**Student:** 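I'd like to ask you about the structure that follows.
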Amino acid sequence: MTAPRKLAVIGLGVIAKFYLAAIEADPAFTLAAVCDLDEAALAAPRAAGIPGHLGHRELLAAHRDLDGAIVTVPNDAHAALCRDLLAAGLPVCVEKPLATELSDARALTAIAAERSLVLFTAFHRRYNSQVLELAAACAGTPVAKVKVRYFERIEDHIGQDAWYLDPARCGGGCVADNGPNAFDLVRLLFGESELSVVRAAITRDAAGLDRQAALDLVTAGPAPRRARVELDWSYPGELKDVEVTLADGRVLRSDLLAGHQGFKASLWHEYRGILTAFGATIERPAGRRDGGLAALDLVAAAYRLDRDDATHVFRPTAAEAR
Ligand SMILES: NC(=O)c1ccc[n+]([C@@H]2O[C@H](COP(=O)([O-])OP(=O)(O)OC[C@H]3O[C@@H](n4cnc5c(N)ncnc54)[C@H](O)[C@@H]3O)[C@@H](O)[C@H]2O)c1
C-alpha cells in the first residue's frame, strides 16, 4: 500500500471542518499541518497532535515534505495563498471562487500550467449525490436547457468574520460567491461546454453587495443551448435545486439538499468527493481542465453586462423570478 498523502489545510473556519473530516475518513490522506491567522482556531488541532501555524509561510518552512495543500480562507485571500503554495511546488485544492479578480485567476492557471502543478478548484456540488443521479439520468440524451437556483440567507452562513458581507472581500456578493458553483453545475450538465452570459440582472443592497441575480447563459457553437441561474442571498432558509429539460422533452428536477437532514448536512459527502477527486487529479493530472477560471470568466462577464450595457440588462418578471 502506498503511503498516505500529507496535506496541509490553510484556514480553519466554517468549511474547514468538512475537509478535516474527509481527510480523517480517507486512508489515502493524512493531515500533516494546519494554519490560521487566528491562534484560537489552532487550539483544537494542536490538542489532537497536529502542528498548527499562524501563517502559511511558517507552515511551508516547517513542512517541506507536503504532498498538497487545501486553501479554505476568505475569497480575497485565495489568490496570494495559491501563488505561494504553487511557488513551493505543491498541488493546490482551493475553495471556489478561485480568486476575486479574473486577472489573478488567469495568472494562477498559467503558473500551474507552466509548472505542471495541479490547481484544483473545489466545486462541491459536483460531488452531490442528487447531482450525480441527475447527471446519470441525463446520460444518452442531449440536455437542452438547465436552470439552477441557489437561494440562501447569507447571514446564516457567516463564521467569526463577516467577510461575505464586504463586496471587496467576497468579490461582489452572491454572483462572485455562489455564481461559480451554479455555473459549474451548468457546465457539468452541458458536458463541460463553453458558456457565455447573455443577460444579467443584479440587485445590490446599500453596502453595494449583490443580494439577488438572474443570469442567462448560452453554450458556444452553432446550436446554442440556454441556461438560467438565479441567485438570492436574502432568502429565508435555503433552496438549492436544478431543473434540466432534455432534448426529448423530459424535465428532470433535483433538490441538492434532499436526503441530508440538518444545516449544511450534504456537505459531509460532497467534501469527501472533493478530496477523492483532488487525489485522483494529483495521480492523473493529464487532460483535466479545472473549471475555476471558466467560472471566474462568467462572474466577470455578468458584472460587466450588468454594469456597462444597460440595454442587455434583463429584469425578470415576477413569474420568471420564481
Ligand atoms: N461557508 C460556506 O457555506 C461555504 C460553502 C462552500 C464554500 N465556501 C468557501 O470556503 C472558503 C472559506 O469560507 P468559510 O465560510 O469557511 O470562511 P470563514 O470565515 O468561516 O473561515 C476562514 C478562516 O480562514 C482564516 N484565514 C483568513 N485569512 C487567512 C490566511 N491568510 N491564512 C490562514 N488563514 C486565514 C480565518 O481566520 C478563518 O478561520 C471561502 O472561499 C468560501 O467561499 C464556503
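Heavy atoms only: backbone and side chains are in, while hydrogens, waters and symmetry mates are out. Atoms within each ligand, like the ligands themselves, are counted from 1 in listed order. If you're wondering where the values come from, they're calculated on a predicted model, not measured in any experiment.
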**Student:** Should Asp216 and Arg199 count as an ion pair when the cut-off is N to O under 4.0 Å?
**Tutor:**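 Judged by the 4.0 Å cut-off on N to carboxylate O distance, Asp216 and Arg199 do form a salt bridge.
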
**Student:** Give the residue, atom name and distance (to 0.1 Å) of the protein heavy atom nearest atom 39 (O) of ligand 1.
**Tutor:**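 The answer is Asp36 OD2, 2.6 Å.
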
**Student:** Give the numbers and elements of all ligand 1 atoms closer than 4.0 Å to a heavy atom of Gly11.
**Tutor:**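 Those atoms are 24 (O), 34 (N).
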
**Student:** What are the two closest non-hydrogen atoms of Pro51 and Ala32, and how far apart are they?
**Tutor:**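 Minimum heavy-atom separation between Pro51 and Ala32: CD-O, 3.3 Å.
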
**Student:** Please check if atom NZ in Lys145 has more than 12 non-hydrogen atoms from other residues, nucleotides or ligands closer than 6.0 Å.
**Tutor:**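 12 or below, so no.
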
**Student:** Does any N/O atom on Asp161 come nearer than 3.5 Å to any N/O atom on ligand 1?
**Tutor:**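 No - when backbone and side-chain N and O of Asp161 are compared with those of ligand 1, no distance drops under 3.5 Å.
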
**Student:** Which of the numbered atoms in ligand 1 are under 4.0 angstrom from any heavy atom belonging to His124?
**Tutor:**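 Heavy-atom distances to His124 below 4.0 Å select 6 (C).
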
**Student:** Which residue holds the protein heavy atom closest to atom 19 (O) of ligand 1, what is that atom called, and what is the gap in Å?
**Tutor:**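 The answer is Trp163 NE1, 2.8 Å.
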
**Student:** What about Asp38: any of its N or O atoms under 3.5 Å from an N or O on ligand 1?
**Tutor:**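 Such a contact does not occur with ligand 1.
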
**Student:** Does any N or O atom in Val14 lie less than 3.5 angstrom from one in ligand 1, N or O only?
**Tutor:**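 Yes; the residue has a nitrogen or oxygen that sits under 3.5 Å from a nitrogen or oxygen of the ligand.
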
**Student:** In terms of atom number and element, which parts of ligand 1 are under 4.0 angstrom from non-hydrogen atoms of Lys264?
**Tutor:**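 So the answer, numbered in order with elements, is 1 (N), 2 (C), 3 (O).
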
**Student:** Under 3.5 Å between some N or O of ligand 1 and some N or O of Val73?
**Tutor:**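 Indeed, backbone or side chain, Val73 has an N or O that close.
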
**Student:** On a heavy-atom basis, I'd like to know which of Pro74, Cys35, Ala40, Ala122 is closest to atom 22 (C) of ligand 1.
**Tutor:**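 Looking at heavy atoms only, Pro74 sits closest to atom 22 (C) of ligand 1.
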
**Student:** I need the nearest protein heavy-atom contact for atom 41 (O) of ligand 1: residue, atom name and distance, please.
**Tutor:**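 Ranking protein heavy atoms by distance from atom 41 (O) of ligand 1, first comes Asn75 OD1, 2.6 Å.
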
**Student:** Please list, in number order, the atoms of ligand 1 under 4.0 Å from a heavy atom of Tyr271.
**Tutor:**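 Going through ligand 1 atom by atom, the ones under 4.0 Å from Tyr271 are 6 (C), 7 (C).
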
**Student:** Strictly below 4.0 Å, N to O, side chains only: are Arg204 and Asp306 in salt-bridge contact?
**Tutor:**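 Judged by the 4.0 Å cut-off on N to carboxylate O distance, Arg204 and Asp306 do form a salt bridge.
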
**Student:** Below 4.0 angstrom from a heavy atom of Leu12, which ligand 1 atoms are there? Numbered from 1 as shown, please.
**Tutor:**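 Listed by number with element, the hits are 23 (C), 39 (O).
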
**Student:** Salt bridge or not between Asp232 and Arg149? Use side-chain N to carboxylate O under 4.0 Å.
**Tutor:**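 Judged by the 4.0 Å cut-off on N to carboxylate O distance, Asp232 and Arg149 do not form a salt bridge.
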
**Student:** Enter the distance from Leu217:CG to Ser193:OG here, rounded to the nearest 0.5 Å.
**Tutor:**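 Here the rounded value is 12.0 Å.
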
**Student:** Out of Ile154, Val34, Leu37, who is nearest to atom 30 (C) of ligand 1 when you count heavy atoms only?
**Tutor:**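 Nearest heavy atom to atom 30 (C) of ligand 1 lies in Leu37.
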
**Student:** What are the atoms of ligand 1, with element, lying closer than 4.0 Å to any heavy atom of His157?
**Tutor:**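 The list of qualifying atoms is 1 (N), 3 (O).
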
**Student:** Short N/O distance, under 3.5 Å, between Ile15 and ligand 1?
**Tutor:**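 N/O-N/O distance under 3.5 Å: yes.
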
**Student:** Taking the six-membered ring for Trp and the single ring otherwise, decide whether the centroids of Tyr271 and His124 are under 6.0 Å apart.
**Tutor:**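 That pair passes the under 6.0 Å test.
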
**Student:** Tell me whether Lys96 has any N or O atom under 3.5 angstrom from an N or O of ligand 1.
**Tutor:**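 Yes, at least one N or O pair falls under 3.5 Å.
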
**Student:** Working to the nearest 0.5 Å, report the span between NZ of Lys96 and CG of Leu296.
**Tutor:**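 So the NZ of Lys96 and the CG of Leu296 are separated by 11.5 Å.
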
**Student:** Out of Tyr19, Phe123, Tyr164, Phe18, whose heavy atom is nearest to atom 42 (C) of ligand 1?
**Tutor:**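 Selected option, by shortest heavy-atom distance: Tyr164.
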
**Student:** Taking Asp36 for its side chain and Leu12 for its backbone only, find out whether a donor-acceptor pair lies under 3.5 Å.
**Tutor:**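 It does hold such a pair.
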
**Student:** So, Glu230 and Lys240, do they make that salt bridge, N to O below 4.0 Å?
**Tutor:**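 So Glu230 does not pair with Lys240 through a salt bridge.
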
**Student:** Anything under 30° is parallel, anything over 60° is perpendicular, the rest tilted; go ahead and classify Tyr164 against Trp233.
**Tutor:**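 Tyr164 and Trp233: perpendicular rings.
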
**Student:** Do the rings of His260 and His269 sit parallel, tilted or perpendicular, given the 30° and 60° boundaries?
**Tutor:**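 Ring orientation of His260 relative to His269: parallel.
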
**Student:** What residue and atom, counting heavy atoms only, is the protein's closest point to atom 9 (C) of ligand 1, and at what distance?
**Tutor:**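 The closest one turns out to be Glu95 OE1, 3.5 Å.
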
**Student:** Pick out which of Asp166, Thr100, Asp177 makes a side chain to side chain donor-acceptor pair (under 3.5 Å) with Asn75.
**Tutor:**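 Only one of Asp166, Thr100, Asp177 forms a side chain to side chain donor-acceptor pair (under 3.5 Å) with Asn75, namely Asp177.
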
**Student:** Return a yes/no value for Asn181: is any of its N or O atoms, backbone included, closer than 3.5 angstrom to an N or O of ligand 1?
**Tutor:**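 In fact, backbone or side chain, Asn181 has no N or O that close.
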
**Student:** Is the shortest N/O to N/O distance between Asp177 and ligand 1 below 3.5 Å?
**Tutor:**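 Among all N and O atoms of Asp177, at least one is under 3.5 Å from an N or O of ligand 1.
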
**Student:** Using a 4.0 Å heavy-atom threshold (strictly under), name the region of Gln160 that reaches ligand 1: side chain, backbone, both or neither.
**Tutor:**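 It is neither; nothing of Gln160 touches ligand 1.
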
**Student:** Nearest 0.5 Å please: distance from the CD atom of Glu133 over to the CG atom of Leu252.
**Tutor:**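 The CG atom of Leu252 is 11.5 Å from CD of Glu133, to the nearest 0.5 Å.
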
**Student:** Among protein heavy atoms, which lies nearest atom 21 (O) of ligand 1, and at what distance?
**Tutor:**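 For this ligand atom, the closest protein heavy atom is Gly13 CA, 3.2 Å.
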
